[in-house]
Trainee: 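Structure below; questions to follow.
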Amino acid sequence: MSLRLHSTLTGHDEPLVAGDDGVVGIYACGPTVYSRIHIGNARPFVVFSVLKRYLERRGMRARLVINVTDVNDKIYDAARAEGIPSTRLAERCTRQYIDDTNLLGLGRPDAEPLVTGCMDDIVALIGNLVDRDLAYAVGGDVYFRVRAFPAYGCLSGRHLDDMPDDDPGERKEDSLDFALWKGLKDGEDAWWDSPWGPGRPGWHIECSAMAERELGMGFAVHGGGIDLAFPHHENEIAQSEGAHGAPFARIWMHNEMLELAEGKMSKSIGNIALLVDVVGRWGPDTVIAYFMQSHYRSRLPFSDDRLGEAEAACRRIRNAVRGLDRAVGSAGDEADPALTAAMIDARTRFVDCMDDDFGTPGAMAAVFDLVRAINQALERGSPPRGQVLEVRLGLVGLLDMLGLAGLAVPGAGDEVPEDIRDLVRRREEARGARDFAGADALRAEITARGFELRDGADGPEVVAAT
RNA sequence: GGCGACCUGGCGAAGUGGGAACGCAUCGGUCUGCAAAACCGACAUGAGUGGGUUCGACUCCCACGGUCGCCUCCA
């Protein structure tokens with residue numbers, strides 16, 4: 001069974017196949033760096049990072065490329081508003097983007113090209129298109145001649161005849177044509193030389209150039225938010241396939257948008273929640289679980305309630321791991337066959353779901369079924385140490401494929417300070433003396449300090465309140 | 001106006017032409033000095049509405065209603 005992914009290009013699930021070098025090349029459009037990224041921007045980062053992770057855990061080789069757009073009108077505007085050079089703003093925001101996404105603990109992409117670092121590739125690609133008469137220079141700008149590329153519209157299902165036929169303005173031959181190179185204008189403080197004069201690349205050409213440079217033509221997966229399908233990805237196809245006469249990307253994988261009560265989250269609307277704030281408040285595991293519990297092609301409501309549910313779900317998994325860790329010490333000697341069966345069943349269902357268009361919700365469901373089986377087994381008796389360790393390893397293996405292995409790691413919050421331990425001891429003494437009023441006062445004190453007391457059969461347990 | 005998606009229990013959310021996963025919440029139980037936490041169990045005779053195809057549809061087709069996205073910057 002191989003992994004299949006839904007492609008926007010065909011409207012169907014397509015088999016994922018590695019390139020000739022055995023590597024699955026994945027390119028995802030990254031952020032434009034003019035402010036901190038919001039939680040919506042994080043969705044493709046999480047989706048494609050976890051996709052790569054899953055492929056590698058399944059023994060495939062994958063190369064993930066997520067670019068950084070560090071030249072753009074919005075960067076000029078934001079820098080002007082701040083009164084600093086646009087290059088400085090872009091550098092600062094790029095660093096923040098790296099810092100913020102690092103908080104997720106999903107690792108870095110294999111390559112994160114900057115537009116400013118690929119100017120030669122971009123100029124060469126534009127030159128190629130001009131040579132082929134697919135582009136024309138006029139007054140310092142260069143435009144792509146859309147009607148000269150017959151397949152235009154193949155990705156978004158649009159037909160040229162349906163497109164609005166506006167006034168093309170003074171420079172463009174046709175209103176549909178889009179800019180490959182924008183000549184330097186007043187107020188722009190960063191520019192590059194080109195055969196057509198000083199200026200900067202258009203928004204779409206950069207991704208064509210960077211994807212080809214990092215992955216070659218005909219790579220496996222090109223991704224990004226569904227809102228980029230048109231015109232951005234449509235234009236990328238026109239540029240790259242126009243220049244080479246060869247397929248650009250085989251599967252176009254688009255994630256849906258985050259949704260708020262007021263509509264989708266967008267910098268333009270201003271209803272944003274910054275990734276750094278969301279992760280800071282809920283922690284990386286909750287944020288990743290929040291994404292993984294819905295399918296990447298579904299719109300996903302964003303709210304405190306949703307994150308709160310994800311947190312509760314994470315807690316359920318953490319508790320099962322804690323249960324296993326406790327069971328290692330009190331192990332019996334009779335293996336629990338139902339537990340082993342549940343382990344195998346969960347792994348099979350997990351992989352089936354993941355292979356079917358990256359079905360992370362079904363994969364999560366498989367994890368929860370295993371969690372219940374673990375809890376039931378531990379309630380029934382004490383499985384032997386070997387089985388406990390095997391199941392723990394299996395569970396962590398599944399979590400790791402989703403980027404959630406952190407749920408099995410005792411967090412820093414689990415380290416209980418000595419003064420708290422002392423309060424617990426004093427409460428136990430009070431309880432032993434049947435001084436329940438004193439015991440309850442001490443419990444309130446522990447709670448007030450941000451810890452949660454859990455009385456169990458083996459005595460009290462203290463964990464950091466979440 | 002053009003293109004497209006979606007409508008599943010209180011909420012979120014999957015899969016599937018023939019038993020409607022999973023999570024949250026709720027309720028019942030176990031545990032406890034009492035709680036909390038944790039765990040266990042229960043929880044949609046039904047999938048926006050109306051037709052059609054089929055032995056049989058939530059799952060396919062059509063219509064209607066509703067929600068939303070793209071068509072301009074957007075993950």
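Below, all heavy atoms of this structure are taken into account, side chains as well, without hydrogens, waters or symmetry copies. A, B, ... follow the sequence lines: proteins, then strands. Residue 1 opens every chain.
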Trainee: At under 4.0 Å, does any side-chain N or O of A:Arg322 touch on OP1 or OP2 of B:A38?
Mentor: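 Looking at the OP1 and OP2 atoms of B:A38, neither is under 4.0 Å from any side-chain N or O of A:Arg322.
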Trainee: Angle between ring planes, A:His222 versus A:Trp252, binned at 30° and 60°: parallel, tilted or perpendicular?
Mentor: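 A:His222 vs A:Trp252 ring planes: parallel.
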Trainee: If only side-chain N and O atoms count, and only distance matters, is there a donor-acceptor pair under 3.5 Å linking A:His254 with A:His233?
Mentor: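 A pair is found: one side chain offers a donor N or O, the other an acceptor, under 3.5 Å apart.
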Trainee: Give none if B:U49 has no partner; otherwise give the nucleotide forming a Watson-Crick or G-U wobble pair with it, both distances under 3.5 Å.
Mentor: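 Paired with B:U49, as far as the under-3.5 Å criterion goes, is B:A63.
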Trainee: Is A:Asp440 salt-bridged to A:Arg431, cutoff N-O under 4.0 Å?
Mentor: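 Not counted as a salt bridge, because no side-chain N and carboxylate O are separated by less than 4.0 Å.
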Trainee: B:A75 pairs with which nucleotide, Watson-Crick or G-U wobble, both distances below 3.5 Å?
Mentor: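 Matched B:A75 with nothing under the 3.5 Å cut-off.
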Trainee: Using heavy-atom distances to pick each residue's nearest nucleotide on RNA chain B, tell me which of A:Gly359 and A:Asp305 is more 5'.
Mentor: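 The 5'-side residue here is A:Gly359.
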Trainee: Toward the 5' end of RNA chain B, which comes first, A:Ala313 or A:Asn72, by nearest nucleotide?
Mentor: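 Whichever sits nearer the 5' end wins; that is A:Ala313.
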Trainee: Using the C1' atom as the reference point in each nucleotide, state the distance between B:U16 and B:A47 in Å, no decimals.
Mentor: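 Taking atom C1' in both B:U16 and B:A47, they lie 12 Å apart.
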Trainee: If you check every side-chain atom of A:Arg349, which of B:C11, B:C40, B:A21 has the closest atom?
Mentor: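 Selected nucleotide (nearest to the side chain): B:A21.
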Trainee: Is it true that A:Glu14 and A:Ser7 share a donor-acceptor pair across their side chains at a distance under 3.5 Å?
Mentor: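 Judged by distance alone, the side chains do not pair up.
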Trainee: Measure centre to centre between the rings of A:Tyr34 and A:Tyr76, then say whether the value is under 6.0 Å.
Mentor: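 Centroid distance A:Tyr34-A:Tyr76: not below 6.0 Å, so no.
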Trainee: Between B:C3 and B:C58, how far apart are the two C1' atoms, rounded to whole Å?
Mentor: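 One C1' to the other, the span is 27 Å.
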Trainee: Hey, is the side chain of A:Asp440 pairing donor to acceptor with the base of B:G33 inside 3.5 Å?
Mentor: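 Between B:G33 and A:Asp440, which were checked side chain against base, a qualifying N/O pair under 3.5 Å is present.
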Trainee: Whole angstrom is fine here: how far is it from CD in A:Glu309 over to C1' in B:U26?
Mentor: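 That distance rounds to 13 Å.
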Trainee: Need one value for A:His295: base, sugar-phosphate or nothing, where a base atom within 4.0 Å counts as base even if backbone is also close, heavy atoms only.
Mentor: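 Answer is sugar-phosphate: A:His295 comes under 4.0 Å of backbone atoms only.
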Trainee: Can you tell me, in whole Å, how much space there is between the P of B:A42 and that of B:A35?
Mentor: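 Result for the P pair: 25 Å, nearest Å.
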Trainee: Between B:A13 and B:C24, how far apart are the P atoms? Round to whole Å, please.
Mentor: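 16 Å, rounded to whole Å.
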Trainee: Scan every strand shown for a Watson-Crick or G-U wobble partner of B:A42, both distances under 3.5 Å, and answer none if you come up empty.
Mentor: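 B:A42 is paired, partner B:U26.
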Trainee: Below the 4.0 Å mark, does B:C71 have OP1 or OP2 next to a side-chain nitrogen or oxygen of A:Ser156?
Mentor: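 No, because none of the side-chain N or O atoms of A:Ser156 sits under 4.0 Å from OP1 or OP2 of B:C71.
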Trainee: Which part of the nucleic acid does A:Gln376 contact within heavy-atom distance under 4.0 Å: base, sugar-phosphate only, or nothing?
Mentor: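 Counting heavy atoms under 4.0 Å across all strands, the contact made by A:Gln376 is with sugar-phosphate only.
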Trainee: Give me the distance, rounded to whole Å, that separates B:A44 from B:G10 when you measure between the P atoms they each carry.
Mentor: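 About 11 Å, rounded to a whole number of Å.
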Trainee: Select base, sugar-phosphate, or nothing to describe what A:Asn255 touches, counting heavy atoms under 4.0 Å on all strands.
Mentor: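 It contacts base atoms.
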Trainee: Closest approach to the side chain of A:Glu259, judged atom by atom: which nucleotide of B:A21, B:A37, B:C68 is it?
Mentor: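 The closest nucleotide is B:C68.
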Trainee: Base, sugar-phosphate or nothing for A:Arg372? Non-hydrogen atoms, less than 4.0 Å.
Mentor: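 Here A:Arg372 touches the backbone only, sparing every base.
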Trainee: Please tell me which of the listed nucleotides, B:A35, B:A21, B:A75, lies nearest to the side chain of A:Arg427?
Mentor: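 Ranking B:A35, B:A21, B:A75 by closest atom to the A:Arg427 side chain puts B:A35 first.
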Trainee: If you look at every strand shown and take non-hydrogen atoms under 4.0 Å, does A:Arg297 touch a base, only sugar-phosphate, or nothing?
Mentor: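 It contacts nothing in the nucleic acid.
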Trainee: Taking B:G65 as the reference, what is the distance to B:G12 when you measure between their C1' atoms (whole Å, please)?
Mentor: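 Roughly 24 Å separates the two C1' atoms.
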Trainee: Under 4.0 Å, heavy atoms only, any strand: does A:Leu453 hit a base, just the sugar-phosphate, or nothing?
Mentor: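 Base, at least one base heavy atom under 4.0 Å.
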Trainee: How far, in whole Å, is B:C73 from B:U59 if one measures between their C1' atoms?
Mentor: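 Per the computed distance, 39 Å lies between those C1' atoms.
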Trainee: Taking only the side-chain heavy atoms of A:Met257 (C-beta and beyond), determine which of B:A75, B:C40, B:G33 contains the nearest atom.
Mentor: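 Between B:A75, B:C40, B:G33, the one nearest the side chain of A:Met257 would be B:A75.
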Trainee: Ignoring hydrogens and angles, state whether a donor on the side chain of A:Asp141 or A:Tyr143 is under 3.5 Å from an acceptor on the partner side chain.
Mentor: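 Result is yes, a qualifying pair exists.
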Trainee: Just name whichever nucleotide pairs with B:C68, Watson-Crick or G-U, keeping both distances under 3.5 Å, else none.
Mentor: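 B:G4 is the nucleotide pairing with B:C68.
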Trainee: Within the structure shown, what part of the strands sits under 4.0 Å from A:Phe436 by heavy-atom distance: base, sugar-phosphate, or nothing?
Mentor: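 Answer is base: heavy atoms of A:Phe436 come under 4.0 Å of a base.
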Trainee: Which nucleotide in the list B:A14, B:U16, B:G4 gets nearest to the side chain of A:Ser298?
Mentor: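 When the side chain of A:Ser298 is considered, B:A14 is the closest of B:A14, B:U16, B:G4.
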Trainee: With rounding to the closest Å, how many angstrom separate the P atoms on B:C55 and B:G66?
Mentor: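 To the nearest whole Å, 35 Å.
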Trainee: Between B:C22, B:A36, B:C39, which one does the side chain of A:Asp369 approach most closely?
Mentor: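 It is B:C22.
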Trainee: Is there a Watson-Crick or G-U wobble partner for B:A36 with both distances under 3.5 Å, and which nucleotide is it?
Mentor: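 Answer to the pairing question: none, since B:A36 forms no Watson-Crick or G-U pair.
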Trainee: May I ask you to verify if any side-chain N or O of A:Arg315 is less than 4.0 angstrom from the OP1 or OP2 atom of B:A38?
Mentor: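 Looking at the OP1 and OP2 atoms of B:A38, one of them is under 4.0 Å from a side-chain N or O of A:Arg315.
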Trainee: Taking atom types as modelled and ignoring hydrogens, do the side chains of A:Arg372 and A:Asn375 form a donor-acceptor contact shorter than 3.5 angstrom?
Mentor: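 Short answer, no.
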